[in-house]
> 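The structure is given below, and queries will be raised subsequently.
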Amino acid sequence: MSIVDKIFDEVLNRKSIFKNRRVLSIDYVPETLPHREKEIEKLAKILATALKGGKPSNVFEYGKTGTGKTAVILYVLNKLIQKAKKYNLHFAAAYVNTRMYNTPYKVLYKTATELGIKVPRTGLAVADIFEKVLRRIDMLESFVVIVLDEIDYLVKKKEGNDILYRLTRINNELENSQVSVIGITNDLRFKEFLDARVLSSLSEESIVFEPYTVEQLYDILKQRAELAFIDGAIDDSTLRLIAALSARESGDARKAIDLLRIAGEIAEREGAEKITEQHVRMAYEEVERDIIKAAIKSLPHQEKLVLLAIALLFTKSKKVTTGVVKKMYEKLCEITGTPPVTLRRMNDFINDLETLGLVSCQIVSFGRYGRTKVISLEIPSQTVFLVLTEADPLLAEILKDWSPFKFDT
DNA sequence: CATCCACAGGAAGATCTGGTAG
DNA sequence: CTACCAGATCTTCCTGTGGATG
């Protein structure tokens, strides 16, 4: 038997430490949500009005990422759907994540699709599609809940407020159906962007989600680990480590569960019978690395060039300003045969890179010598070179025989 | 202490893609 | 086929500004 056969056989015969991998996936909603009983109760009470045919309020949920906002909504909606079925009530729900559906048209499109209404993906005027969706919703003769998750992505654009305004007041235009809008945001300063009229109608009821504490994270992890792994695959102390690592950063339950899953995958790959603290630490680093890699790889070509320009400059000097980035960027454009964008646009790219956490910027005034952004690379420049070499054959060619002197200006 | 550098970043609009409707 | 639509992307034009320097 060849060595390859051996490896395959070994892997296939090995008993997996996973019992049920699915419970660690992002969109799994567990049977119970520990430490969210109060929030669930509140939301349930609000929506319960619907069971009696009344019009429930619009709801506004806010709290940081990974505090269970989405999970609570989905949990309550699932229960509501079950109840509605049992009592033969008309009820429909649409879940729209406005990070992905971040324009008025897309929001309407997704809402319609979720409600089983067929509309074209593009091509129509927003007013037309709104009209169409409105009529179809009325025809449903139902109580309809529209959940707008990560609503801040919609509101930060000017047109976003308009569509929200119309959605939150849609009931005035309906005769046979009732609509409740639930907005979810993790941006706590988000209210500033929101049109006052929308704010008042959306926050008829609001529910605040506090970050989980270490103990709470531990409980959540414990619950998931019991479902996900076979007995004895993970110790309490290891779970506590994951909880501590996650709580230290953010109290983000999603990240904690991610960490648990990846630690499990690493342990499995190694053929270990148990997830150790070592696996957790490896997972922790892997998560960080992967986020960075993925971020760089998914950058548009132009932004890659800007990032590369910054990385190249940063190897030589820690004082990288917009002006020098522009020069280096233009040089790279010339080499790669890319038409360069204007300074204004490049500045947007740099801000983008900052949002992604790849660089950080500070506006500094040098008095007589102007006022500009000082940009620093937040990740090792070698990482940038490496990932770009992998991701882009053209850039790989340039970086192949790269030496710091080649790019001297 | 006014000046002026080297930009930041808002507003508006041009261009282009990918679509519908009749 | 033409007329039209939304939205991404980018440009053009613009006003605003912290502080070293003359």
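None of the values given here were measured: they were computed from a predicted structure. In what follows, chains are A, B, ... by sequence order, proteins preceding strands, each numbered from 1.
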> Just jot down the ring pair (Phe, Tyr, Trp, His ring centres under 6.0 Å) partners of Phe143(A), sequence neighbours excluded, or say none.
Phe91(A)

> With a 4.0 Å cut-off, would you call Lys274(A) and Asp235(A) a salt bridge?
yes

> Between the side chains of Ser381(A) and Thr315(A), is a donor N or O closer than 3.5 angstrom to an acceptor N or O?
no

> By a strict heavy-atom criterion of less than 4.0 Å, which residues belonging to residues 113-132 of chain A are in contact with DNA chain B?
Pro120(A), Arg121(A), Thr122(A), Gly123(A), Leu124(A)

> Please list residues of residues 348-356 of chain A whose heavy atoms come under 4.0 Å from any atom in DNA chain C, ordered by number; otherwise none.
Phe349(A)

> Taking the six-membered ring for Trp and the single ring otherwise, decide whether the centroids of Phe18(A) and Phe229(A) are under 6.0 Å apart.
yes

> Let me know which of Thr98(A), Thr70(A), Leu74(A) forms a side-chain contact (heavy atoms from CB on, under 4.5 Å) with Asp149(A).
Thr70(A)

> Looking at Asp219(A) and Lys222(A), is there a salt bridge between them, counting it only when a charged N and a carboxylate O are closer than 4.0 Å?
no

> Of all residues at least two apart in sequence or in a different chain, which pass the side-chain contact (heavy atoms from CB on, under 4.5 Å) check with Met282(A)?
Ile266(A), Glu270(A), Gln278(A)

> Who pairs with Tyr218(A) by ring pair (Phe, Tyr, Trp, His ring centres under 6.0 Å), at least two apart in sequence or on another chain?
none

> Is it the case that atom NZ in Lys45(A) sees more than 12 heavy atoms from other parts of the structure closer than 6.0 Å?
no

> If you look at every heavy atom in Leu305(A) and Cys333(A), which pair is closest and at what distance?
CD1-SG, 3.9 Å

> Among residues 361-373 of chain A, which ones have heavy-atom contacts with DNA chain B below 4.0 Å?
Ile363(A), Gly367(A), Arg368(A), Tyr369(A), Gly370(A), Arg371(A), Thr372(A), Lys373(A)

> For Thr32(A) and Gln223(A), does a side-chain donor sit closer than 3.5 Å to a side-chain acceptor?
yes

> For residues Thr185(A) and Asp152(A), is any side-chain donor paired with an opposing acceptor at under 3.5 Å?
yes

> Examine Arg197(A) relative to Tyr165(A) and say whether NZ or CZ is less than 6.0 Å from the centre of the six-membered ring and inside a 45° cone about the ring axis.
yes

> Quick check on contacts: within residues 297-310 of chain A, what sits under 4.0 Å from DNA chain B by heavy-atom distance?
none

> Quick test of your reading of the model: are Glu39(A) and Lys69(A) salt-bridged, counting only N-O distances below 4.0 Å?
no

> Applying salt bridge (charged side-chain N to carboxylate O under 4.0 Å, His left out), can you list everything that pairs with Arg344(A), at least two apart in sequence or on another chain?
Asp348(A)

> Give the residues of residues 337-346 of chain A touching DNA chain C, defined as any heavy atom closer than 4.0 Å, sorted by residue number.
Pro340(A), Val341(A), Thr342(A), Arg344(A), Arg345(A)

> Earliest and latest nucleotide of DNA chain C, 5' to 3', sitting under 4.0 Å from a non-hydrogen atom of chain A?
dC5(C) to dT21(C)

> Have Ser142(A) and Ser177(A) got a donor and an acceptor in their side chains that come within less than 3.5 Å?
no

> Would a 4.5 Å heavy-atom cut-off, applied to side chains only, mark Ile184(A) and Phe209(A) as touching?
no

> Main chain of Cys361(A), side chain of Glu354(A): is a donor-acceptor contact present, judged purely on distance under 3.5 Å?
yes

> Quick check for you: name the first and last nucleotides of DNA chain B, 5' to 3', having an atom under 4.0 Å from a heavy atom of chain A.
dT3(B) to dA21(B)

> Apply side-chain contact (heavy atoms from CB on, under 4.5 Å) to Ala71(A) and list each qualifying residue two or more places apart in sequence or on a separate chain.
Leu33(A)

> Taking Arg281(A) first and then Glu285(A), would you say they form a salt bridge - that is, a charged N and a carboxylate O separated by under 4.0 Å?
no

